[in-house]
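In this text the structure is predicted, and so the values were computed from the model without any measurement. A note on names: the letters A, B, ... follow the listed sequences, proteins ahead of strands, and every chain is numbered from 1.
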Amino acid sequence: MKPNFNEKIINRIREKNIFPKPKIFFILKNISFWFFSILSILIGAISFATILHNISDKKELFQNFSYLPIFWIFILIIFLIISINNYRKTNNFYKYNIYFIFIIIIIFSFILGVLMFSFGVGEKTEQLSQKYLPFYEKHQRITDLKKEIFKDKLIEIGVTSEIIKENPKLKEKIDKKFRENVLGKTYLYSPEKCLEIEYTCPKNSIPFLDNLGCGCRTIYLIK
Amino acid sequence: MNLKDIQKKKDEEIIKYILESPDYYSVIISRYENKLRNYVLRISNTSRDEAEDLLQDIFIAVYQNLNSFNQNLSFSSWIYRISHNHVVNYWKKNKKHERVSIEQNLFFVETIFNENSIELEINNSLNNKEINQAFSEMDKKYREILILKFLENKDYQEISDILQKPMGSVATLINRGKKNFIQEYKKIHNETKF
């Protein structure tokens, strides 16, 4: 006799040795989604704290958006998305409007980010990134992205203010190129004046002076 | 405990017995076999044979995931949710055209127009063929929610649990679904008229 639907299912379960998955599997699955969601919010908050650190002492930001720390903005956006995606895989996620949850996560990340910034987490993250992330210096600002875009036309020269000071010819050359070519903007290049007030710049960049005061610029040379 | 005693129990209570022996699962299968078969046929563009295979896979998936059943949900909502997800995955895998066949749309004709909700909003001189076509042309997201509301007789809370959408969105989708249906119907009706 042909088995009915009911028997077909029971037979299939028996023949193929199908068992219900253990409860712990589902508990761990749910916990892991919550864990990664919270972890992503934390990473997002650290990114926000670092963004605040990067822009907090830059008056030039309002004149030149090349100062925007795009690396951290990118990390912040990525981890906010990961956080929301993980949240969507938890039980009962659908009981609340996803846009409402999105706004809550953003607000929470930003508040946490401001707190972390006030405790110096942003500064520490910036220092650690410069120290341990080899690609970090190159990709953290829009100017560096522009360098990527024009990579067949521009080359970077690794100069520090010390080298320029000791090498007047190089100084002259860079000064000329800097005036002519750096992103189409002309700055009054006067590192000595900035060095007098012990204005220091990170590796691969030099001090310059404009109407707002001393700042740092990465140097590129046209091929 | 024998099968007859189990049959008197609620779905949620039967789960712990099924976890001891799969034989008790036959009680759940008997309760939901026809309901889910109709539901699968209504929301998927499949033949009866394909729907039968899908249904078998659904019952196996339900059995495998018994331990994930959340006691805050009704068992019925949970089993419908698994069926919905299975059909959606089936669409994705097979890239099926997500339309209901005319034959299956007869369910709508027979049932929805016995309901007052849509009947009140459109006139009585409706043409069955046009109704079927209008349902076929409807957006999938509205069609399924109308099936759950008017054919499966689910309340807002159950639909929210099955489709995993907030309650507010369910109410909105039902209203939009009705409007979408009327719009499609009018479009088809005007085309055939001229």
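- Of the candidates B:Leu66, B:Asn67, B:Asn65, B:Asn65 is the only one forming a side-chain contact (heavy atoms from CB on, under 4.5 Å) with A:Lys21.
- Looking at A:Tyr94, the atoms closer than 4.5 Å to chain B (heavy atoms on both sides) sit in the backbone and in the side chain alike.
- Interatomic distance, OG of A:Ser37 versus CZ of A:Phe79, reported as 12.0 Å (0.5 Å rounding).
- Taking the side chain as every heavy atom from C-beta outward, B:Gln64 and A:Phe19 never approach each other to under 4.5 Å.
- When each of A:Ile18, A:Asn30, A:Ile27 is checked for heavy-atom pairs under 4.5 Å with chain B, A:Ile18 comes out on top.
- Contact annotation for A:Phe93: only side-chain heavy atoms (C-beta onward) come within less than 4.5 Å of a heavy atom of chain B.
- A salt bridge does not link B:Glu13 with B:Lys10: every distance from a Lys NZ or Arg NE/NH1/NH2 to an Asp or Glu carboxylate oxygen is 4.0 Å or more.
- Heavy atoms closer than 4.5 Å to chain A are found in the side chain of B:Leu73, but not in its backbone.
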